[in-house]
Every structure is written in C-alpha cells, then in structure tokens.
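In what follows, a structure is listed as structure tokens, so that the remarks can point back to it.
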2 protein chains.
Amino acid sequence: MNEVLVSESKQPGSKRIVAYFKERLLRGELKVGDRIMPERELAVELEVGRPLLREVLRSLSMLGLLDVRHGSGTYIGKADIRVLSDFFTFCLSQEQDILDDTMQARMAIECQAIRLACSRANEADLARIGQWLGVLIKTLGDPEEGGKADFMFHQSIVAASHSRSLTTLYGALAELLQLSHVERRKTTYRNPEIIGDLGEAHREVFLSIVAKDPDQADQRLREHFAIGDEVRRKSLIEAYRKGSEGA
Amino acid sequence: MNEVLVSESKQPGSKRIVAYFKERLLRGELKVGDRIMPERELAVELEVGRPLLREVLRSLSMLGLLDVRHGSGTYIGKADIRVLSDFFTFCLSQEQDILDDTMQARMAIECQAIRLACSRANEADLARIGQWLGVLIKTLGDPEEGGKADFMFHQSIVAASHSRSLTTLYGALAELLQLSHVERRKTTYRNPEIIGDLGEAHREVFLSIVAKDPDQADQRLREHFAIGDEVRRKSLIEAYRKGSEGA
DNA sequence: TGCGTTAAGTGGTCTTACCAATTGTGCCCA
DNA sequence: TGGGCACAATTGGTAAGACCACTTAACGCA
C-alpha cells in the first residue's frame, strides 16, 4: 500500500481503490461503523468496473477493515487482528524451527507485559489470572487441556498489561503460541517431578505480579521459560539416548 | 479463515477457495515459487466464476501469499510482512494514544532482541549497528533524518538477534515505529543538552552489545527508553507552563 | 396504529467479451 | 545449422450486463 505517489488517474484501478480507503481512514473521514457508498456508486466515482472494485473490497473485508453485509451495505469494520493469526502462521511457518523461535516473540511480549501488569492489573485481572492458574494446576496431567490452560494463563497476564499494542501482537501469534504450548506439554507431561515444578513456577509468577515488583516478575517469568527450555533439552537428550540404545 | 468445517460443496464459493489454498499451503503441496493452476482452470475445478476467484486471489496477493504476474501466471509468494505495517497502522490507529502505547511493543521486542544479539550478532551485524550509530550522531540536529537513523539503529539491533519472529513483528510495526521516532525527535531536538545525551545513550547501548552482556544490554536499553520518556515529560511540562503564562 | 406485502436498494455470483503482457513455436535467412 | 523475428497461444486485467438473494423502507388496509 505504500506506493510512490503518482497521478491518481494514471494508477491502476486497484491501487486507486486502496488509496481511496487509506486516505479516508487515516483522515478520519471514515470511522468504524460508518457505511460507505454503495458498490455501484463507488465504482462510478472511482471510474472502475464493479468486479475490480469487489476484488479490493473483498481483500479489505478479509482483513476486517470492511464489514460487508449482504442486502444492507458495506461498513467500516474494526480491524480484526484474529485474521493475522492465520497470516502469521503462514508467514512464520515458511521458516525452520519456527515454534522454537516463536518463543522469542513470546518472551519479548510477555516479559514486557508482566512488567506493566505489576502496576496496571486491577482486581478483575488478578482474579482471572488466578482462575487460570487453578485450571492449569488441575490439568497438569493432560497435554491438551493443560496446554490450553497454560496459554490462557499467560494470555491473561498480557491482557492485564492493558497495552493495546502488546495484546494485538500477542493475538496475532495466538495460534502459533497455543500450538507451542501443547507441543511443549507433550514432551514433558509424563514426568511427575517436572509437572510439579511447572505448577510451582506458574504460582511464583502469579505471586510476583501480586507483589507488584516488575523486575522480580520479569525474572520469575524468565526463570520459568529457562526451566521449560532445560526440561525439554533433557527430554531430547534422554530420547536420543534411548534411540541410540535401540539402534 | 478458521471457519467451522462443513461440507465443502455447501460452503460459499469464497470460503472454498480460501480453504483450497490453506490446505495445500499447510500440507506443503504448494510451496514458495510454485506456479498454481491458471485462473480459468482453477475456476472450473472449484466450480466458481472467475470474478469471484479473482476476488480471493487479489486478497491473497495483497497479503503477499500469492505473486500474480500479468501474462505469466500466479505463483506462491513468500508471505510479505510489509503489508502488515499498513494493517497494524490501521488496527492500532483506531486506538487512543497509540504512538505512546506502541512504545510498549517496541520495548518488548527490542529488549528481547538485544539480549539475543549479545550472543548471536556477527561482525557484519556489529558493523551495521555501528554504521547507523555514526549516521545518528551526525544527524542529531535534524528531526527527520535523525529519526530515520534512530529507527535504523534500533532495527539493526533487532536484525542482529537473528530471530525470525522478532524481526517479523518489528517489521509489522515499522511504519508506526518510524513515525514514533520522528515525533519524539520533534519534541526534543531543539535542546542541545538532550541531544548530546541522546547520542551518548545510543553509544552505551552499542557498547553493551559488543560487551556481550545480555542483562547489561537490556538495562542500558531500558535506561535509554526511560531517558527519552523523562525528556518528553519535561518538554510537555515546559510547553504547558508556557501555555499557561501565555493564556 | 400496526401488520403484511411489495418494491426498491444493496451485496453476491456468473457469463461473456475484449485488452494487455508473456511465452512458446515456427519459419526464414545468413 | 543456428539465430532472430513474427505470430499465435496462454495467461492475467478489466468491464458490462444479467440475474440471484438479502435487507429495508414505504404504502395500504384493517
């Protein structure tokens, strides 16, 4: 969308349509909930055919920027970050070891979020984090349910930061992160000692938020991540050994 | 794209088209660089009209997932994160004080990236960071050029992390971050003392990477952000006082 | 005044036609 | 025999017109 600015009439129709929306959205002329001009009228105004206009409208709709309602009209939507979960999955899935690397993005967002949560979390936030901590502990022996609870626990912390940009980024990675949680659980869930440590580590993370100590919370969370890394490293070594002996 | 799975033939045409691509991309049947079936053939196979197919192809193309070449064919693209810069800008620009909040996302990504850069940065990375440090110092008195150099300095650090997910997220926020850099400079550039401190702070950040000390690098970067916040707080207070006296 | 019916307005999908860019094939000439 | 040029085929780009389907508004009648 960031094209070199040339005479609008010389630009391909599709780019003129995109520019039309971009300008009006950024100018505030079109706001969430506004109804835009009907397709046939807009096509005439932009001097394009309706099929081409619909191509762009569909694109913007798939991003959530437009809310197209059959028989009613087309409205400016609230940009939907959920669509990005798929996109990020596509984007990053073309990379090797992406689940491992996603940990970096997760650590980046969560460590900053937990710092903010220490000062911004309200009673409802703390209650929600505590609730997911409870569910997590109950489901320690179940990789699927435990992985989901683990994800929700961490997502509650990010939500407690009350930072729109952090929750947006976290939401964009949600599908990959959730997959990562479940995969991690599957490599470790059979070891009761590890499982016990896992619950304990999450409890300490929670308590550090309650204590409202940003540096400590950041540290506890990093320790939690490091424990998880170490656990998986040992599991891999053990699996490798078993594999060698079997050979 | 995460729709409830129903009989494919009963789904609207557009959803079937999206599902067609999603399945084949995730299955690895379609890889970057592959050429897909010509439009007219694909329309027949999916039992949709060509205009509808083009609507979805245009959408996927705008996300960079498809590389459509006039007269040549349609190829699977490498998902282009640059498109997300605009989308994130739309997404987050619907929020109040978004430039301020974007700082949180920036801090999250950069503080994690700089930790990784301490162990992963190679000679070329360090040279590039140093180069942008030089440009930054030369352009301290120019908000536009200095803002760009500042952004590039920080972006080089993120690149030096060699983390695909962090660079992807940072790229998605690039437009907002760059705007943020320039805006910050505009509030402070007239004060020579602040400007001097700015150059010095960046130098210390750079040196901490060279020293390969993750905790120190993280701390220096946070101090740098804190100094920037303090500077802007003072500038706002001063502007407010002047405003009051003028009233 | 409220309900039902009809018509108008709006998006959804498709067929057909034609334009424009790229690529491949065949023929001619050196 | 090889290279170059021209033409045709293949592919994407754009549009008009037709018709379907959903929503909303207006009008008439009880």
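So you know, we letter chains A, B, ... as the sequences are listed, proteins then strands, and number each from 1.
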For A:Lys31, does its backbone N or O pair with a side-chain atom of A:Asp34 as donor and acceptor, under 3.5 Å? yes
With a cut-off of under 6.0 Å to the ring centre and 45° to the axis, is A:Arg16 in cation-pi contact with A:Tyr20? no
What nucleotide, of C:dT15, C:dG11, D:dT14, holds the atom closest to the side chain of B:Arg58? D:dT14
Going by atom types only, do B:Arg58 and A:Ser14 share a side-chain donor-acceptor pair under 3.5 Å? yes
Between the base of C:dT13 and the side chain of A:Arg50, is there a donor and acceptor pair under 3.5 angstrom? yes
Shorter than 3.5 Å, N or O on both sides, protein versus nucleotides 19-26 of chain C: list them out with atom names.
| unit_1 | atom_1 | unit_2 | atom_2 | d |
| --- | --- | --- | --- | --- |
| C:dA20 | N3 | B:His70 | NE2 | 3.0 |

Round to a whole Å and report the spacing from NZ of A:Lys15 to P of D:dG13. 11 Å
What orientation do A:His202 and A:His154 show, parallel under 30°, tilted 30 to 60°, or perpendicular over 60°? perpendicular
Those residues that, when tested against B:Glu39, pass side chain to side chain contact (heavy atoms under 4.5 Å, CB included) (two or more places apart): B:Arg50, B:Leu53, B:Arg54, B:Leu57
Indicate whether OP1 or OP2 belonging to D:dG12 is found under 4.0 Å from a side-chain N or O atom of B:Arg35. no
Side-chain donor or acceptor of B:Arg120 paired with backbone N/O of B:Ser161 under 3.5 Å: yes
Does A:Asp67 come within less than 4.0 Å of A:Arg69, counting only side-chain N to carboxylate O? yes
Whole angstrom is fine here: how far is it from CD in B:Glu55 over to P in C:dG12? 8 Å
Please list each protein N or O that sits under 3.5 Å from an N or O in nucleotides 25-27 of chain D, with the distance.
none

I need the CG-P distance between A:Leu42 and C:dG11, as an integer number of Å. 9 Å
Does the side chain of B:Thr74 get closer than 4.0 angstrom to OP1 or OP2 of D:dG12 through an N or O atom? yes
From the set D:dA15, C:dG11, D:dG12, return the single nucleotide nearest to any side-chain atom of A:Val68. C:dG11
Would you find a donor on one side and an acceptor on the other, under 3.5 Å apart, between the side chain of A:Ser163 and the backbone of A:Leu166? yes
